[in-house]
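Okay, structure first, notes after.
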Amino acid sequence: MGARPNATYSGSCHCGAVRFEIETDFPELTTCDCSICARKNALMVKVHESQFRLLNGMDSLTEYRFHTHTARHYFCKVCGIYPFHRKRVTPDFLGINVFCLDGFDPEGIPVRKTIGKGMP
Ligand SMILES: [Zn+2]
């Protein structure tokens, strides 16, 4: 059971070039201590790729890869905002920056700290 009703939530980067929708009930939010998430100070929700739709902005997304080059960290090349990334250990899943969701309030959703730093 999630902390919210299962529903479609829309999100965007800051300039609006990148728009997407996710479907989730927010079972939890995660933080991560890996070198990139720590710098982004990201608070994320994990969704399967079938629950994710990119509506606009494929051309505006730039992809950044590092380390094992499996995880794909996307950001908007116009405004620099990180809206989502594709996960390394579970590449069928995306981590969504919940602060990019329209009018989203994380209040009341459990937050789990994940350990990225120690991953080989
Ligand atoms: Zn943008």
Side-chain angles (χ1 to χ4, degrees):
M1 268 301 281
R4 297 283 164 91
N6 193 49
T8 300
Y9 297 85
S10 55
S12 64
C13 66
H14 186 262
C15 71
V18 178
R19 295 206 59 86
F20 61 93
E21 280 180 351
I22 59 167
E23 197 183 307
T24 183
D25 62 357
F26 292 99
E28 64 177 9
L29 302 177
T30 57
T31 61
C32 176
D33 66 353
C34 85
S35 56
I36 188 165
C37 290
R39 282 169 173 75
K40 290 186 301 204
N41 194 23
L43 186 62
M44 296 166 283
V45 64
K46 180 178 167 181
V47 298
H48 188 260
E49 59 186 0
S50 66
Q51 299 167 297
F52 172 86
R53 275 178 302 282
L54 183 65
L55 303 175
N56 201 34
M58 197 53 184
D59 299 345
S60 302
L61 286 169
T62 292
E63 189 182 312
Y64 174 60
R65 299 199 205 188
F66 69 104
H67 194 42
T68 65
H69 293 257
T70 313
R72 299 168 175 214
H73 298 273
Y74 294 104
F75 62 94
C76 173
K77 66 185 173 193
V78 182
C79 66
I81 294 295
Y82 147 71
F84 50 80
H85 75 283
R86 215 170 247 281
K87 294 187 169 280
R88 174 155 80 96
V89 180
T90 51
D92 296 349
F93 286 84
L94 294 101
I96 309 293
N97 175 0
V98 297
F99 295 119
C100 284
L101 300 174
D102 296 341
F104 184 73
D105 179 3
E107 185 68 38
I109 305 175
V111 175
R112 183 168 59 92
K113 289 184 185 176
T114 64
I115 311 297
K117 202 159 55 182
M119 285 204 300

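This structure is a prediction, so every number in the text was calculated from the model and none was measured. As a basis for the values below, the full set of heavy atoms in this structure was taken, side chains included, without hydrogen atoms, waters or symmetry mates. Counting convention: from 1, in listed order, for ligands and their atoms alike.
Expressed to the nearest 10°, the angle at the Zn ion (ligand 1) joining SG in C76 with SG in C79 is 110°. For C13 atom SG and C15 atom SG, the angle they make at the Zn ion (ligand 1) is roughly 100°, to 10 degrees.
Only one option out of F66, Y82, F84 pairs with H73 in a ring-ring contact (aromatic ring centres under 6.0 Å, His included); it is F66.
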Begin from the C-alpha positions of E23 and V47 and carry the test side chain to side chain contact (heavy atoms under 4.5 Å, CB included) through to its verdict. CA-CA 8 Å; E23 197 183 307; V47 298; over 6 Å; no
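Under the 6.0 Å cut-off for aromatic ring centres, Y74 and H85 do not qualify, their centroids lying 6.0 Å or more apart.
More than 12 heavy atoms of other residues, nucleotides or ligands sit less than 6.0 Å from atom NE2 of H48.
Under 2.8 Å from the Zn ion (ligand 1) lies no N/O/S atom of H14, from backbone or side chain alike.
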